[in-house]
Each structure stands twice: as C-alpha cells, then as structure tokens.
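I have placed the structure first, in the form of structure tokens, so that the comments after it can refer back to it.
Just so we're clear, the structure is a prediction, and the values are computed from it rather than from any experiment.
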Amino acid sequence: QVQLVESGGGLVQAGGSLRLSCAASGRTFSSHVMGWFRQAPGKERKFAAGISRSGGTTYYADSVKGRFTISRDNAKNTVYLQMNSLKPEDTAVYYCAARSGATMFPLDVPDYWGQGAQVTVSS
C-alpha cells in the first residue's frame, strides 16, 4: 500500500506564497500519476493540479492556473505544489493523491490519499 505524507501547510497573508510537499512510500512512485485536491469548509473536494508519471505533463483547474505549479522528483519520491499569489478563497485542506497507471487527473480517480494539510490565507 502506498502512503503519502504531506508537509508545508500553514497561515499566510493574501498575496503570499506556500510550498506543499508530499513524500510517497514504496518503490513504484514513478508508476503513479500524482495530484493535489483541495476541500474548503462545507464544500466538496475538488481537483487542483495533476502531473504525469514522468513529470512532463501538468494539468490545472482554472481557479489555480497561472498561480500554482505542480512538480515531482521521482528520485526523491516527492511531489510538490508551489502556490503563489494566494487568495482568501484558496483557504482549504489540501490533499496529495496518487493513482497507478497513466491516465491523467482529473479524468482519473485517485487510489491513495494523504492526510491533508491545512492552508489558511488571511485578507
């Protein structure tokens, strides 16, 4: 079973930046599509960003496009989410996600989830 451990959440002022990290267990990290989802209070969990197995292809929700960047380092079994120009509406619990195979998020469904990292953006 793949385990995902997130870090880097916190409180930041509007316009600031945060970088989330997600470390994956196992020896097959490079065989998984990776992504980030987020869930605001009282709302559904929604897709934010996805990345292909090699890291060569990325895909973003319109709400974060141009501000967030997803990347991965397969040698370190780690995926990142760089968040710039943060807005209060970005406040949510952010979840790292993984799925075996090649089909990209958001069309695919995750097999594994991280525990979630709280990101709070103040006005």
Side-chain angles (χ1 to χ4, degrees):
Q1 184 177 358
V2 174
Q3 292 187 327
L4 306 173
V5 180
E6 300 167 330
S7 61
L11 175 66
V12 66
Q13 286 187 290
S17 299
L18 283 174
R19 185 183 186 232
L20 302 180
S21 298
C22 175
S25 67
R27 47 183 277 197
T28 60
F29 177 74
S30 62
S31 70
H32 288 75
V33 171
M34 301 295 297
W36 292 91
F37 292 70
R38 62 185 187 175
Q39 186 170 21
K43 297 185 178 180
E44 295 180 331
R45 189 175 301 185
K46 293 184 177 181
F47 168 80
I51 189 166
S52 62
R53 293 178 296 178
S54 68
T57 303
T58 57
Y59 191 77
Y60 300 93
D62 288 342
S63 57
V64 308
K65 189 177 299 181
R67 300 186 298 119
F68 291 10
T69 302
I70 187 172
S71 61
R72 68 190 295 164
D73 186 339
N74 286 350
K76 297 181 178 179
N77 280 17
T78 303
V79 63
Y80 306 94
L81 186 66
Q82 178 66 46
M83 303 182 292
N84 298 328
S85 302
L86 283 162
K87 306 174 181 179
E89 50 263 45
D90 295 319
T91 295
V93 177
Y94 284 71
Y95 296 91
C96 182
R99 194 185 197 282
S100 61
T103 305
M104 284 283 289
F105 298 127
L107 299 178
D108 213 347
V109 178
D111 294 321
Y112 306 101
W113 296 96
Q115 80 285 356
Q118 178 69 49
V119 173
T120 302
V121 184
S122 62
S123 60

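- Here the straight-line distance linking atom CD of Gln3 with atom OH of Tyr112 works out to 10.5 Å at 0.5 Å rounding.
- One finds the OH atom of Tyr94 at 15.0 Å from the SG atom of Cys22 (value rounded to the nearest 0.5 Å).
- No path of Ile, Leu, Val, Met, Phe, Trp and Tyr side chains, each step under 4.5 Å between heavy atoms, connects Met83 with Tyr80, placing them in separate hydrophobic clusters.
- Closest non-hydrogen pair, Ser63 versus Arg38, comes out as OG-NH2, 3.3 Å.
- Between Gln39 atom CD and Gln118 atom CD the span is 10.5 Å, to the nearest 0.5 Å.
- Within the model, atoms CZ of Phe47 and OH of Tyr60 stand 9.0 Å from one another, a figure rounded to the nearest 0.5 Å.
- Tyr95 and Leu4 fall into different hydrophobic clusters, where Ile, Leu, Val, Met, Phe, Trp and Tyr residues are linked whenever their side-chain heavy atoms come under 4.5 Å apart, directly or through other members.
- Between Pro41 and Thr91, the shortest heavy-atom contact is CD-O, 4.4 Å.
- A single hydrophobic cluster is seen to contain both Tyr59 and Phe37, as judged by linkage of ILVMFWY side chains at heavy-atom distances under 4.5 Å, directly or through other members.
- Residue pairs meeting the salt bridge (Lys or Arg N to Asp or Glu O under 4.0 Å) criterion with at least one partner in residues 65-85, sequence neighbours excluded, are Asp62-Lys65, Arg67-Asp90.
- We find the CZ-CD distance between Phe68 and Gln82 to be 9.5 Å, quoted to the nearest 0.5 Å.
- Counting non-hydrogen atoms of neighbouring residues, nucleotides and ligands closer than 6.0 angstrom, the CD atom of Glu89 exceeds 12 such neighbours.
- Criterion: ILVMFWY side-chain heavy atoms under 4.5 Å apart, direct or through other members. Under it, Val64 and Val93 are not part of a common hydrophobic cluster.
- Expressed to the nearest 0.5 Å, how far NE2 of His32 lies from CG of Asn74 amounts to 11.5 Å.
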**OP:** Please report the C-alpha distance between Gln13 and Ser122 in whole Å, then the side-chain angles of each, then the deciding distance to 0.1 Å, and finally whether the side chain to side chain contact (heavy atoms under 4.5 Å, CB included) criterion is met.
**Re:** CA-CA 5 Å; Gln13 286 187 290; Ser122 62; 3.8 Å; yes

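- Under a hydrophobic-cluster definition in which Ile, Leu, Val, Met, Phe, Trp and Tyr are linked whenever side-chain heavy atoms come within less than 4.5 Å, directly or via other members, Val33 and Trp113 are assigned to the same cluster.
- Residue Ile51 forms a side chain to side chain contact (heavy atoms under 4.5 Å, CB included) with just one option from Leu81, Thr69, Thr58, and that option is Thr58.
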